[in-house]
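What follows is a set of notes on a single structure, which appears directly below.
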Amino acid sequence: MTPELFPALITGAALFGIGIYGALSQTNLVMLLMGVELILAGAMVNLVAFWHHLHPDTPAGQMFVLIVMTVMAVEMAVGFGVAIARFRAIGSVEMEEAAELKG
Amino acid sequence: MISVQLFFISFFGLAAVWFAVVVFRTHSMMRSALALLFSQTALGAMFIGMQAEFLGVLQIMMMATEMSIMAIFMVMFMMDPGGLGKMDMTHQKRLSVIAGLVAFVAVVVVAVFADWGPLASSVPDAAQQIEDLGLELLGRSMLIFETAGLTILTAMIAATAVAVEPIKRNRD
């Protein structure tokens, strides 16, 4: 047990849980992307906390956070690309209407 | 000094969680995007509280841009971006709440019961951190860094290719 880590780790856990809820419960593609953003944000808090409290002399921890930020940007870019294509095709980004993609 | 630092980390952590909850509680899509922006900004402040100044500032700058773009997309795609109709845009609510709670409890159990090892005594100052990070990026982690750059380029091309309007060929 390391109480100094708790505020950051509990924050990360809460953001992860809320993100999972959002990603599973939202019917709108853009709202769903917000849930995924929160999941990644939870991971980032943990990484910074581990770097700060356990290995501050190792810059690889900060490097890892930069990679997660890259993943966030990539996820948003591709997600919005899909949203535009979907909106152009059927005029909506509601995911319940995307069931037809199953074929 | 440590207790002041812990107070600010906890305060911004609470703010980040509160605004994350607001994202899915409000009916207005614009307010959702702004709540996510505030949540991510609170996280950036938390990073600064944990003496990761560069990452904190980068987080705030990146998220401010990203969430502004998200808000524009909300206005473009939503029938009711202001949330005046109070329409419900959720499904499988019960399953989602249970999955979220299980994920939260599982991570908290690991956080509390894992042995994280000894705590570090001091953190390098901001200038030293930037120097170390720069050397890391252009040294041992260069391949990873380059791969991230290439991934962004690929994503930009892929997103543009998916989003662009298909050319309608006239066969007459």
Side-chain angles (χ1 to χ4, degrees), chain A residues 1-2 4-22 24-28 30-31 33-34 37-38 41 44-45 48-57 59-60 62-63 65-67 69-70 72-74 76-78 80-85 87-88 93 96, chain B residues 6 9-10 13 16-17 20-21 23-24 32 36 40 43 46-47 50-52 55 58-59 62 66 70 73-74 77 89-93 95-97 99-101 103-104 107-108 111-112 116-117 119-120 122-124 129 132-133 136-137 141 144 148 151-152 155-156 158-160 162-163 165:
Chain A
M1 286 228 280
T2 316
E4 290 83 353
L5 276 165
F6 282 176
L9 295 192
I10 304 276
T11 303
L15 291 177
F16 185 70
I18 296 166
I20 294 270
Y21 165 78
L24 289 177
S25 70
Q26 299 301 307
T27 57
N28 184 281
V30 186
M31 290 297 288
L33 288 174
M34 287 190 178
E37 291 274 308
L38 285 172
M44 276 201 308
V45 181
V48 175
F50 289 137
W51 168 81
H52 173 76
H53 288 291
L54 304 177
H55 304 289
D57 292 324
Q62 292 205 4
M63 171 75 203
V65 179
L66 288 180
I67 297 297
M69 281 185 184
T70 309
M72 280 173 121
V74 165
M76 292 295 280
V78 176
F80 284 140
V82 171
I84 292 178
F87 195 78
R88 192 166 271 149
V93 286
E96 291 202 320
Chain B
L6 209 61
I9 291 173
S10 307
V17 172
V21 171
V23 169
F24 301 114
S32 286
L36 189 58
Q40 303 282 2
L43 276 192
M46 208 176 160
F47 292 175
M50 287 192 275
Q51 290 169 276
L55 292 180
L58 190 66
Q59 164 83 356
M62 262 190 73
E66 209 172 297
M70 195 175 245
F73 271 79
M74 287 294 189
F77 289 148
M89 291 196 306
T90 54
H91 59 171
Q92 51 186 18
K93 231 174 175 172
L95 171 77
S96 313
V97 171
L101 279 175
F104 171 69
V107 179
V108 168
V112 171
W116 298 111
L119 290 177
S122 66
V123 176
Q129 280 180 39
D132 291 346
L133 185 61
E136 174 78 19
L137 288 178
S141 299
I144 305 168
T151 309
I152 292 180
M156 281 162 63
T160 311
V162 169
E165 192 171 15

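Order of the sequence lines fixes the chain letters, A, B, ..., with proteins taken first and strands second; residue numbering starts at 1 for each chain. Because the structure is a prediction, the values reported are computed rather than measured.
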Please classify the contact between [X] and chain A as side chain, backbone, both or neither, with a heavy-atom cut-off of under 4.5 Å.
| X | value |
| --- | --- |
| B/S122 | backbone |
| B/M70 | both |
| B/Q51 | both |

Should A/V48 and B/L43 be marked as a side-chain contact (heavy atoms from CB on, under 4.5 Å) after you check the CA-CA gap, both sets of side-chain angles, and the distance that decides it? CA-CA 10 Å; A/V48 175; B/L43 276 192; over 6 Å; no
Pair B/V162-A/V78, side-chain contact (heavy atoms from CB on, under 4.5 Å): steps then yes or no: CA-CA 8 Å; B/V162 169; A/V78 176; over 6 Å; no
Flag the pair [X] / [Y] as yes when at least one side-chain heavy-atom distance between them is below 4.5 Å, and no otherwise.
| X | Y | result |
| --- | --- | --- |
| A/H52 | B/F47 | no |
| A/I20 | B/S96 | no |
| B/T90 | A/T27 | no |
| B/M50 | A/W51 | no |
| A/L66 | B/L58 | yes |
| B/H91 | A/Q26 | no |
| B/Q129 | A/P59 | no |

OG of B/S32 to CE of A/M31: how many Å apart, nearest 0.5 Å?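 One gets 3.5 Å once the value is rounded to the nearest 0.5 Å.
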Looking at CD of B/Q40 and CE of A/M44, how far apart are the two atoms once the value is rounded to the nearest 0.5 Å?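 Atom-to-atom, B/Q40:CD and A/M44:CE are 6.0 Å apart.
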What verdict does the side-chain contact (heavy atoms from CB on, under 4.5 Å) test give for B/W116 and A/L9, after you've listed the backbone C-alpha separation in whole Å, the side-chain angles of each residue and the deciding distance to 0.1 Å? CA-CA 12 Å; B/W116 298 111; A/L9 295 192; 3.9 Å; yes
Taking all non-hydrogen atoms of both residues, which atom of A/T70 and which atom of B/A148 are closest, and how far apart?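 Smallest heavy-atom distance, with atoms named: CG2-O, 3.9 Å.
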Tell me the closest heavy-atom pair linking A/A73 and B/M62, and the distance in Å.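 Distance-wise, the nearest heavy atoms are CB-CE, 4.2 Å.
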Suppose we screen for side chain to side chain contact (heavy atoms under 4.5 Å, CB included). Which residues come up paired with A/A13, at least two apart in sequence or across chains?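 Applying side chain to side chain contact (heavy atoms under 4.5 Å, CB included) to A/A13 gives B/F104, B/V107, B/V108.
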Looking at [options], which has the largest count of heavy-atom pairs under 4.5 Å with chain A?
| options | answer |
| --- | --- |
| B/A120, B/A103, B/A99 | B/A120 |
| B/A52, B/A158, B/A16 | B/A52 |
| B/L55, B/V17, B/L36, B/D132 | B/L55 |

Whether B/F73 and A/F80 hold their rings parallel, tilted or perpendicular, with breakpoints at 30° and 60°: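 Correct class here is parallel.
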What part of [X] gets closer than 4.5 Å to chain B, counting heavy atoms only: side chain, backbone, both or neither?
| X | value |
| --- | --- |
| A/I67 | side chain |
| A/V45 | both |
| A/L54 | both |
| A/M76 | side chain |

B/E136: which residues meet the salt bridge (charged side-chain N to carboxylate O under 4.0 Å, His left out) condition with it, sequence neighbours left out?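 Counting only residues at least two positions away or on another chain, B/E136 forms a salt bridge (charged side-chain N to carboxylate O under 4.0 Å, His left out) with B/R140.
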Under 3.5 Å, side chain of A/Q62 to main-chain N/O of B/L133, donor-acceptor pair present?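 Side chain of A/Q62 to backbone of B/L133, a donor-acceptor pair under 3.5 Å: no, none is there.
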Verify side-chain contact (heavy atoms from CB on, under 4.5 Å) between B/Q92 and A/S25, making sure each step is shown before the conclusion. CA-CA 6 Å; B/Q92 51 186 18; A/S25 70; 5.7 Å; no
